[in-house]
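Single-structure report; data block below.
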Amino acid sequence: MIIVMKAHATEAEIQAVVTAVEELDYRGHIIRGVERTVVACVGEERGEQHSLAHLVAFAGVEQVMPVLKSYKLASREVRPEGSVIDVGGVKIGGKKIAVMAGPCAVESAEQVESSADAVKHGGAHLLRGGAYKPRTSPYAFQGMESEGLSLLEHAGKRVGLPIVSEIMEAADIELFVAHADMLQVGARNAQNFSLLRKLGRTKKPILLKRGMSTRIEEFLMAAEYILSEGNPNVVLCERGIRTFETATRNTLDLNAVPLLKQMTHLPVIVDPSHGTGLWTLVKPMALAAIAAGADGLLIEVHPNPAVALSDGPQQLRPDHFAELVAAVKPVAEAVGRTM
Ligand code: PEP
Ligand code: MN
């Protein structure tokens, strides 16, 4: 259920609704929109005796509406104007397109510093790099772990970009909360509900990637796990799905972009690097993503992709990254956005 408050409902009226909702064993999430505040009520689904319909009689309440979809807090109905997530001062989901870029993995101090200079110079707004790498093979490079995270933090601070890095397990939450601006949940953990719940108990922005075989509704339900624990700061990332096609690493599902934008208020960004696996396809698919309505991009950039320890074939050289950003700008403007 969502309880839509009247435009001029007072704080006391809103709190009275939340108290009443919580007495019925629901959680009341206050969502303050531009035009109205709603109290979204979530909890285990039960029978009629717990109906919240009577709350329409409370002072300041405009309407009590059922949310029939399985995802509730993620649903666009609770925030029709869309959410804008602040990541260390960079806004994702507003008019301005957000570009996060950096190497697949932090490999050394020199490599990450050089990557940070390259993406800053090329026009990125956030620096992204993996310190804990979820590799398909246990024998492949697993990342520099906590040392990698501090190298990324240092590089981000030096060039003045907030940092994004992937967290793989709940035991590392404290470390990431202290050192990263945004925590990525990768495709392989996209339905690790216990990790998602725990990330929901922090207030850190979460970049939730779509799982390799996750349907759109399942993707939104994964986001719902984070939201339902009280963390509203979720950005969704389309990164390609597994299909029968093997010419590309994944099939970048750009249908997902306008569809998600209709279904949810959460910002949606696109990762054409993992979505295609081939650097020559990254720029055209980045342009297509922005044309389709994405709020941002995640682009892998390496100072020398030929010697990268992971994902070499899809990482852009610094000059190609700068070209991509320059090419995205007019497309963004054509669809009413800015860079
Ligand atoms: C990554 O972003 O480096 C990564 C491993 O991506 P994904 O989880 O989308 O495969
Ligand atoms: Mn990668």
Side-chain angles (χ1 to χ4, degrees), residues 87 98-107 111-112 115 119 124 126-138 140-145 148-149 151-152 163-169 172 176 180-192 195-196 199 205-214 216 218-219 222-223 234-243 248-254 256-257 260 268-279 281-282 285-286 289 294 296-317 321:
V87 183
V99 179
M100 52 183 78
C104 177
V106 174
E107 299 170 0
Q111 177 253 14
V112 73
S115 304
V119 304
L126 301 117
L127 173 65
R128 194 210 76 119
Y132 293 79
K133 294 303 302 176
R135 304 305 300 284
T136 301
S137 163
F141 174 57
Q142 303 287 308
M144 292 180 76
E145 306 191 335
L149 189 60
L151 292 176
L152 186 71
I163 63 162
V164 187
S165 199
E166 177 165 352
I167 181 162
M168 294 201 333
E169 53 180 307
D172 296 328
F176 275 76
D181 299 288
M182 180 175 226
L183 281 46
Q184 174 178 318
V185 176
R188 290 156 190 79
N189 263 320
Q191 287 183 300
N192 179 339
L195 176 63
L196 298 175
L199 291 170
I206 308 297
L207 178 64
L208 177 63
K209 291 189 121 188
R210 182 175 179 182
M212 299 184 201
S213 314
T214 308
I216 298 289
E218 292 168 332
F219 189 15
V234 179
V235 174
L236 303 174
C237 179
E238 164 58 44
R239 48 75 73 201
I241 49 174
R242 276 269 163 95
T243 67
T248 49
R249 182 178 182 182
N250 289 295
T251 296
L252 187 62
D253 179 14
L254 288 185
V257 176
L260 284 167
V268 179
I269 73 161
V270 171
D271 169 2
S273 302
H274 294 88
T276 64
L278 299 168
W279 76 267
L281 303 185
V282 171
M285 296 315 283
L297 295 167
L298 186 167
I299 309 288
E300 286 195 339
V301 180
H302 192 286
N304 182 3
V307 299
L309 297 181
S310 58
D311 289 353
Q314 70 192 34
Q315 302 208 57
L316 292 189
R317 282 192 339 224
F321 173 66

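Numbering of ligands and ligand atoms starts at 1, following listing order.
The two atoms that bring Ser213 and Arg242 nearest to each other are OG-CB, 4.5 Å, heavy atoms only. Summarising the geometry of Ser165 relative to Phe176, their closest heavy-atom pair is O-CE2, 3.8 Å, with the distance given to 0.1 Å. Taking all atoms of both residues into account, the shortest heavy-atom contact from His302 to Pro103 is CD2-CB, 4.4 Å. Residue Ala308 comes nearest to Gln315 through the heavy atom pair CB-NE2, 3.6 Å, listed as atom of the first residue, atom of the second, then distance. Residues Leu207 and Cys237 come closest through the heavy atom pair CD1-CB, 3.9 Å. Looking at every heavy atom in both residues, Ala190 comes nearest to Ala222 through O-CB, 3.4 Å.
Every residue two or more places apart in sequence or in another chain that forms a salt bridge (charged side-chain N to carboxylate O under 4.0 Å, His left out) with Glu300 is listed here: Arg128. Qualifying ring-ring contact (aromatic ring centres under 6.0 Å, His included) partners for Phe219, counting only residues two or more places apart in sequence or in other chains: none. Legend: residues meeting salt bridge (charged side-chain N to carboxylate O under 4.0 Å, His left out) with Asp172, ordered by chain and number and at least two apart, are absent.
At under 3.5 Å, a nitrogen or oxygen of Lys209, whether backbone or side chain, sits near a nitrogen or oxygen of ligand 1. Inclusion of Arg188 in the set of residues having an N or O under 3.5 Å from an N or O of ligand 1 is warranted. The shortest N or O to N or O distance between Ala187 and ligand 1 is under 3.5 Å.
Contact analysis leaves Met212 out of contact with ligand 1, as no non-hydrogen atom separation drops below 4.0 angstrom. Distances shorter than 4.0 angstrom occur between a heavy atom of Gln184 and an atom of ligand 1.
Only the side chain of Arg128 comes within contact range of ligand 1, with a heavy atom under 4.0 Å; no backbone atom does.
The line from OG of Ser273 to CG of Leu316 is 6.0 Å long, rounded to the nearest 0.5 Å. Between atom NZ of residue Lys133 and atom CE of residue Met144 there is a gap of 13.5 Å, rounded to the nearest 0.5 Å. Remark: Met285 CE to Leu278 CG distance equals 11.5 Å, nearest 0.5 Å.
For atom 5 (C) of ligand 1, the closest non-hydrogen atom of the protein is Glu166 OE1, 3.8 Å. Scanning the protein for heavy atoms near atom 4 (C) of ligand 1, the closest one is His274 NE2, 3.4 Å. Given atom 9 (O) of ligand 1, the protein heavy atom at minimum distance is Arg239 NE, 2.6 Å. Lys133 NZ, 3.0 Å is the protein heavy atom nearest to atom 3 (O) of ligand 1.
In the vicinity of Gly186, heavy-atom distances shorter than 4.0 Å reach the ligand 1 atoms 8 (O). Heavy-atom proximity to Glu300, at under 4.0 Å, picks out these atoms of ligand 1: 3 (O).
Excluding water, every protein N/O/S atom under 2.8 Å from the Mn ion (ligand 2) is given here by residue and atom: Cys104 SG, His274 NE2, Glu300 OE2, Asp311 OD2.
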